[in-house]
Every structure is written in structure tokens, then in C-alpha cells.
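All residue numbers in this chain count up from 1 along the given sequence. One-based numbering, in listed order, for ligands and for the atoms of each.
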Amino acid sequence: MGLKIYINGNLVDKSEARISVFDHGLLYGDGVFEGIRSYNGLIFKLTEHLLRLYESAKSIGLSIPLSLPEMTRAIIRTLKANHLKDAYIRLIVTRGEGDLGLNPAKCSSPTIIIIADKIALYPKKYYTNGLELITAATRRNIPEALNPQIKSLNYLNNILAMLEANNAGVPEALMLNQNGYLVEGSGVNIFVVKKKQLLTPPSFVGALKGITRDTIIELGKKEKLEVREEIMTRHDLFNSDECFLTGTAAEIIPVIKVDGRTIGNGKPGKVAARLLKKFRQLTRTEGVRY
Ligand code: PMP
């Protein structure tokens with residue numbers, strides 16, 4: 001038996017999980033999504049992820065036909081149907097089926113998809129050795145055009161950055177905004193450590209407000225670091241003591257080189273290691289049980 005996928009209230013086999021070619025999620029990237037993780041039967045930061053999904057949907061004028069508790073039940077149902085204790089949950093809400101025009105008013109009702117699968121972990125060497133970044137020439141979407149706070153199905157901006165990373169032979173790319181300030185990676189937030197300061201770009205420069213980012217900010221404060229949202233340039237990054245990336249799948253990954261410049265002593269930093277330990281403790285104890 002294959003994976004069971006939730007589509008509009010039904011759990012169907014992966015081989016039969018289909019949506020219409022007229023779905024505007026496919027035709028126009030018109031929809032929103034979330035990537036959530038469960039650890040040993042606990043869904044980490046579920047409320048935070050659901051709130052971000054509903055806020056993204058609100059912002060694009062998409063009314064999700066399930067209430068928050070209904071959505072929670074649908075997620076748990078999908079996890080249980082697949083007997084998953086440690087899972088990556090992809091929650092997708094599209095505008096639904098319409099015609100070939102882009103008008104969302106022509107779409108009948110949203111499509112809700114929940115995919116729960118085993119988590120595809122990043123290679124262990126990224127955590128032990130750290131990774132190298134290049135700065136993408138592709139700038140992050142400007143908030144006045146498509147606000148990066150909206151976790152939409154339209155990820156071409158980020159994909160173009162990943163393409164540049166692939167071409168450069170590195171695993172991830174740093175994205176700047178239209179003014180040249182640090183924003184984030186293609187699907188991860190960025191932190192910089194300088195002395196006792198833990199710094200991350202403010203979301204208004206054009207970064208997604210990552211749930212992991214928020215958790216690290218809280219953990220950093222508990223660790224008595226001076227945590228601040230700060231506008232930074234590549235110069236600040238090149239001259240930092242440490243740099244690391246955060247995200248639901250990645251958790252915390254140290255960065256040791258950016259555009260050929262060694263960060264700190266060129267080894268994964270102590271602050272990143274300490275925060276990763278604390279973060280993993282939290283994922284073992286906190287969450288919605290199912
Ligand atoms: N930035 C972008 C563009 C993302 O897509 C993501 C999530 N994949 C993140 C940052 C990290 O967010 P989170 O910690 O909520 O996974």
C-alpha cells in the first residue's frame with residue numbers, strides 16, 4: 001500500500017491522488033502552502049504554521065473552507081492513516097478549478113491537499129562541516145509586488161536563486177533585496193552571530209517570518225544572547241563570527257563560506273551548535289500530540 005494523500009476530505013492512494021489541470025494552483029501558482037514537521041508523534045508549532053497559512057490565504061483573498069480545528073483534525077487523520085511518527089507535512093490550499101483565464105472569481109472552490117511523508121533530511125555533512133553559499137543575482141521579490149510574508153505556491157523567485165546555487169555547485173543561495181540587504185536563502189532564514197549578538201534580517205526587508213526563525217529568536221534570548229533584527233549587508237556577513245540557516249526541514253545548518261569568503265574560523269560555530277541542541281530538545285517535548 002502506498003502513501004495516503006488527503007484531497008478535499010478523502011484519503012486516496014498516492015497513485016490516484018490527482019487534481020484538475022484547470023486548478024489555478026497549477027495554472028498560476030494561485031494558492032498557499034505550509035511545511036510542518038512532527039517529531040515522535042508531536043506536531044511542532046502546529047498553531048503557528050496554521051495561523052501563517054490562514055494569514056497567507058487571507059492576504060490573497062482565499063477563503064479556506066475548513067476551520068482551524070477541522071484542519072488540525074484533517075492533518076492528524078492523514079498522519080494516522082500513514083502510521084507516521086516522524087513526518088514532514090505539506091499542507092496546500094489552491095484557488096481550485098477555474099477556466100484558462102486568471103480570474104480567481106471563476107474558480108469554484110479551493111482544493112485542499114495534505115501530504116504526510118517521511119522527512120527527507122539534509123545530508124549529515126552539512127551539520128558537521130557547514131555549507132557554502134553564493135549570493136544569487138536574483139533579488140528577493142519586493143514586498144510591494146508580492147509580499148514574501150505570503151507563503152504562496154508561486155516560488156519561482158526562490159527557484160531562480162536555487163538554480164544559481166546549482167550552477168555554482170553549492171547547496172544554497174543567499175538572496176538580497178532590491179537595496180542589496182541580506183534577506184534569506186531560497187527556503188531558509190539566515191542568522192549572523194557577532195560577539196554576543198544574534199542578528200537576523202527584519203521581515204520588512206522581504207523575508208518570510210519563519211517559524212524556526214521565531215523559535216531561534218526565543219531560544220537565543222534564553223541563552224542570554226543579544227538578539228536583534230538588523231538590516232545587514234554582505235560586508236556584515238563576511239565579517240561575522242558565525243552564520244547559520246534555519247527552516248522546518250533544515251532546523252539549523254551552519255554556513256562556513258559565502259562568495260569565497262570564510263566565515264569566522266571556517267568551522268561550524270559554537271552558537272549554532274548550542275542553539276541546535278536546545279532546538280532539538282524543544283522538538284522532543286513540545287507539540288500537538290496525535
Ligand atoms: N524562507 C522561505 C522563503 C521559506 O520558504 C521557508 C520555509 N520553507 C523559510 C524561510 C523557513 O521557514 P520555517 O522556519 O517556517 O520553515
Which pairs would a plain distance check flag for residues 260-277, meaning a side-chain donor or acceptor within less than 3.5 Å of a matching protein atom at least two apart in sequence or in another chain?
| unit_1 | atom_1 | unit_2 | atom_2 | d |
| --- | --- | --- | --- | --- |
| Arg261 | NH1 | Asp259 | O | 2.9 |
| Asn265 | OD1 | Lys267 | N | 2.9 |
| Arg274 | NE | Glu223 | OE1 | 2.7 |

Which residue and non-hydrogen atom of the protein lie closest to [atom], and at what distance in Å?
{"atom": "atom 12 (O) of ligand 1", "result": "Gly210 CA, 3.4 Å"}
{"atom": "atom 6 (C) of ligand 1", "result": "Gly187 O, 3.2 Å"}
{"atom": "atom 11 (C) of ligand 1", "result": "Asn189 OD1, 3.7 Å"}

Can you list the atoms of ligand 1 that are under 4.0 Å from a heavy atom of [X]?
{"X": "Ser186", "result": "3 (C)"}
{"X": "Gly247", "result": "11 (C), 14 (O), 16 (O)"}
{"X": "Glu184", "result": "1 (N), 2 (C), 3 (C), 10 (C)"}
{"X": "Thr248", "result": "13 (P), 14 (O), 15 (O), 16 (O)"}

Treat each ILVMFWY residue as a node, draw an edge where side-chain heavy atoms are under 4.5 Å apart, and state whether [X] and [Y] are in one component.
{"X": "Leu66", "Y": "Ile113", "result": "no"}
{"X": "Ile134", "Y": "Met232", "result": "no"}
{"X": "Tyr6", "Y": "Ile64", "result": "yes"}
{"X": "Tyr28", "Y": "Leu26", "result": "yes"}

Exercise. Using a distance-only test with no angle check, is there a side-chain donor-acceptor pair under 3.5 angstrom linking Thr94 and Thr111?
Worked result: yes
Exercise. Strictly by modelled atom types, are Glu164 and Thr138 linked by a side-chain donor-acceptor pair under 3.5 Å?
Worked result: yes
Considering both backbone and side-chain atoms of [X], is one of its nitrogen or oxygen atoms within less than 3.5 Å of a nitrogen or oxygen in ligand 1?
{"X": "Lys151", "value": "yes"}
{"X": "Asn158", "value": "no"}
{"X": "Thr246", "value": "no"}
{"X": "Lys209", "value": "no"}
{"X": "Tyr155", "value": "yes"}
{"X": "Thr212", "value": "yes"}
{"X": "Leu208", "value": "no"}

Seminar exercise, completed: All heavy atoms of Asn157 vs all of Asn141, minimum pair found to be OD1-N, 2.9 Å
For this session: Could you note down all residue pairs passing ring-ring contact (aromatic ring centres under 6.0 Å, His included) where residues 117-142 supplies at least one of them, sequence neighbours left out?
Result: none
Seminar exercise, completed: Counting heavy atoms under 4.0 Å, the part of Pro148 that contacts ligand 1 is neither
Problem set entry | Close approach of Arg52 to ligand 1, heavy atoms, under 4.0 angstrom | yes
Exercise. Heavy atom of Arg140 under 4.0 Å from ligand 1?
Worked result: yes
Problem set entry | Aromatic ring proximity, centroids under 6.0 angstrom, Phe279 and Phe44 | yes
For this session: Take Glu34 and Lys45 through the test salt bridge (charged side-chain N to carboxylate O under 4.0 Å, His left out) and record every step on the way to the result.
Result: CA-CA 12 Å; Glu34 271 301 319; Lys45 302 279 178 194; over 6 Å; no
